[in-house]
Student: 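Okay, here's the structure, questions in a sec.
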Amino acid sequence: MAEGDPQLQRMIAIETQKQEFQQRIHDLTEKCWDTCMLGVPGQRLDRKTETCIGQCVQRFIDASNFVVNRLEKEGQANLRQAQDETGGFKWQ
Amino acid sequence: MDFSPPPGGDGKLDRGQREQLMQQVQAQMAMANAQELLQKLSEKCFAKCISKPGTSLDSSEQKCIAMCMDRYMDTWNLVAKSYTQRLQKEKSRMG
């Protein structure tokens, strides 16, 4: 139904993006809660826990970026090696 | 709900239909988010507060769950803030 309606398509793309953002926050909250919230929850988040949560988010993003970058580099190196060895393209 | 295109039209929704459809989509997403949060709150706060399930949910367990829910929400907001800041930083770095 949306195919012929670019305006509707755009609106749905925006909503999808919003939803993906929300889902990422849900996932990160769970990870960082499990990592940082030690013991029984108190009257407020203490400084240590707050710091831990902030760093948890930042390091998770760093780790994801690292994984992507490393795989990219490795993939390129493998490809080059395969090309050198066989004189042509070969995957693996 | 009738989202079929108006008769004789070019197959596009009119303005009112489009708005109605988007409201439906937004309401469904809000519902999905609320459900997700509810599920996480129950799961995490049960784990934190009920180590030995008794014959009823006693008042100290209730207090613990209430506290845990508020702290989980605090955490959610903190994560959203931290994540948003990082997104903006990466965007300005690339742009």
Side-chain angles (χ1 to χ4, degrees), chain A residues 1-69 72, chain B residues 3-5 9-15 17-19 21-41 43-45 47-49 51 60-61 63-87 89-90:
Chain A
M1 181 177 56
E3 285 101 59
D5 198 332
Q7 208 175 342
L8 186 62
Q9 262 180 343
R10 211 182 54 232
M11 284 161 108
I12 287 178
I14 291 169
E15 286 307 313
T16 307
Q17 236 176 9
K18 276 201 257 175
Q19 186 58 25
E20 279 167 4
F21 173 81
Q22 293 270 329
Q23 192 53 52
R24 224 164 294 146
I25 303 299
H26 282 305
D27 293 342
L28 272 174
T29 301
E30 177 171 31
K31 275 188 199 73
C32 295
W33 170 272
D34 290 344
T35 304
C36 298
M37 195 65 195
L38 310 167
V40 180
Q43 288 289 346
R44 59 189 61 223
L45 287 182
D46 58 38
R47 264 310 270 275
K48 227 170 97 186
T49 310
E50 275 189 1
T51 308
C52 178
I53 289 164
Q55 289 181 343
C56 168
V57 172
Q58 300 303 319
R59 293 303 81 72
F60 183 83
I61 299 168
D62 288 343
S64 317
N65 289 345
F66 181 85
V67 168
V68 172
N69 288 337
E72 257 172 18
Chain B
F3 291 127
S4 56
D10 52 5
K12 288 182 188 174
L13 300 175
D14 67 32
R15 206 190 154 89
Q17 283 173 316
R18 196 186 291 129
E19 256 161 41
L21 179 60
M22 286 319 291
Q23 272 169 17
Q24 292 279 334
V25 169
Q26 281 166 352
Q28 273 178 19
M29 287 181 174
M31 184 60 114
N33 278 320
Q35 270 172 354
E36 174 91 32
L37 187 60
L38 191 72
Q39 197 204 323
K40 289 278 183 336
L41 284 170
E43 185 187 323
K44 297 300 169 191
C45 295
K48 276 270 180 248
C49 299
S51 47
S60 70
E61 286 169 337
K63 254 182 230 154
C64 176
I65 292 173
M67 206 92 95
C68 171
M69 290 169 74
D70 292 346
R71 297 300 79 75
Y72 196 85
M73 246 75 110
D74 291 345
T75 304
W76 204 98
N77 291 329
L78 210 56
V79 167
K81 206 174 89 184
S82 188
Y83 187 73
T84 309
Q85 279 169 356
R86 178 66 179 262
L87 277 187
K89 215 174 85 186
E90 303 251 324

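Bear in mind that the values here come from a model prediction, so they are computed numbers and not experimental data. Lettering follows sequence order; numbering is per chain, from 1.
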Student: With chain A, which of B/L87, B/N33, B/D70 has the greatest number of heavy-atom pairs at distances under 4.5 Å?
Tutor: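 Among B/L87, B/N33, B/D70, the one with the most close pairs to chain A is B/N33.
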Student: Can you check side-chain contact (heavy atoms from CB on, under 4.5 Å) on B/K44 and A/M37, steps first, answer last?
Tutor: CA-CA 10 Å; B/K44 297 300 169 191; A/M37 195 65 195; over 6 Å; no
Student: Counting C-beta onward and ignoring hydrogens, is there a side-chain heavy-atom pair between A/F60 and B/S82 closer than 4.5 Å?
Tutor: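 A side-chain contact is absent here, since even the closest heavy-atom pair is not under 4.5 Å.
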Student: Can you list the steps and then say if A/F21 with B/T84 is a side-chain contact (heavy atoms from CB on, under 4.5 Å)?
Tutor: CA-CA 9 Å; A/F21 173 81; B/T84 309; 3.7 Å; yes
Student: For the interface with chain A, which of B/M67, B/Q85, B/E90 has the highest count of heavy-atom pairs at distances below 4.5 Å?
Tutor: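 Ranked by heavy-atom pairs under 4.5 Å with chain A, first place is B/M67.
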Student: In terms of heavy-atom pairs under 4.5 Å with chain B, which of A/Q58, A/H26, A/Q19 leads?
Tutor: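 The option with the most such pairs is A/H26.
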Student: Atom NZ in B/K40, atom CG in A/D27: separation rounded to 0.5 Å?
Tutor: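 B/K40 atom NZ to A/D27 atom CG measures 6.0 Å (nearest 0.5 Å).
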Student: Considering all heavy atoms of both residues, which atom of A/I25 and which atom of B/A80 are nearest to each other, and what is their separation?
Tutor: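 Heavy-atom minimum between the residues: CD1-CA, 3.7 Å.
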Student: Could you grab the distance from atom CD of A/Q7 to atom CE of B/M22, nearest 0.5 Å is fine?
Tutor: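 So the CD of A/Q7 and the CE of B/M22 are separated by 10.5 Å.
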Student: Output the distance between atom NZ (B/K48) and atom CG (A/L38), rounded to the nearest 0.5 Å.
Tutor: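 Nearest 0.5 Å value for the NZ-CG distance: 6.5 Å.
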Student: Please report the shortest heavy-atom distance between A/W33 and B/T75, naming the atom on each side.
Tutor: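 That closest heavy-atom pairing would be CE3-OG1, 3.5 Å.
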Student: B/M29 versus chain A, heavy atoms under 4.5 Å apart: side chain, backbone, both or neither?
Tutor: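 Backbone plus side chain of B/M29, per the 4.5 Å heavy-atom cut-off to chain A.
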Student: If you round to the nearest 0.5 Å, how far is NZ of A/K18 from CD of B/Q26?
Tutor: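 If we round to the nearest 0.5 Å, B/Q26:CD and A/K18:NZ are 5.0 Å apart.
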Student: Is the count of non-hydrogen atoms from other residues, nucleotides or ligands lying under 6.0 Å from A/R44 atom CZ greater than 12?
Tutor: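 Check fails, neighbour count at 12 or below.
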Student: What residue among B/L37, B/L78, B/V79, B/N77 forms side-chain contact (heavy atoms from CB on, under 4.5 Å) with A/T29?
Tutor: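 The option that passes is B/V79.
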Student: Could you give the distance from NZ (B/K89) to CD1 (A/I61), rounded to the nearest 0.5 Å?
Tutor: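 One finds 9.0 Å between NZ of B/K89 and CD1 of A/I61.
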Student: Quick check on A/D62 against chain B: is it the side chain, the backbone, both or neither that has a heavy atom closer than 4.5 Å?
Tutor: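 For A/D62, heavy atoms of backbone and side chain both lie under 4.5 Å from chain B.
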Student: For each of A/G42, A/G39, A/C32, tally heavy-atom pairs with chain B at distances under 4.5 Å, and name the one with the top tally.
Tutor: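 Option with the top pair count is A/G42.
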Student: Begin with the C-alpha distance, continue with both residues' side-chain angles, and end with the deciding distance and a verdict on side-chain contact (heavy atoms from CB on, under 4.5 Å) for B/E36 and A/Q22.
Tutor: CA-CA 10 Å; B/E36 174 91 32; A/Q22 293 270 329; over 6 Å; no
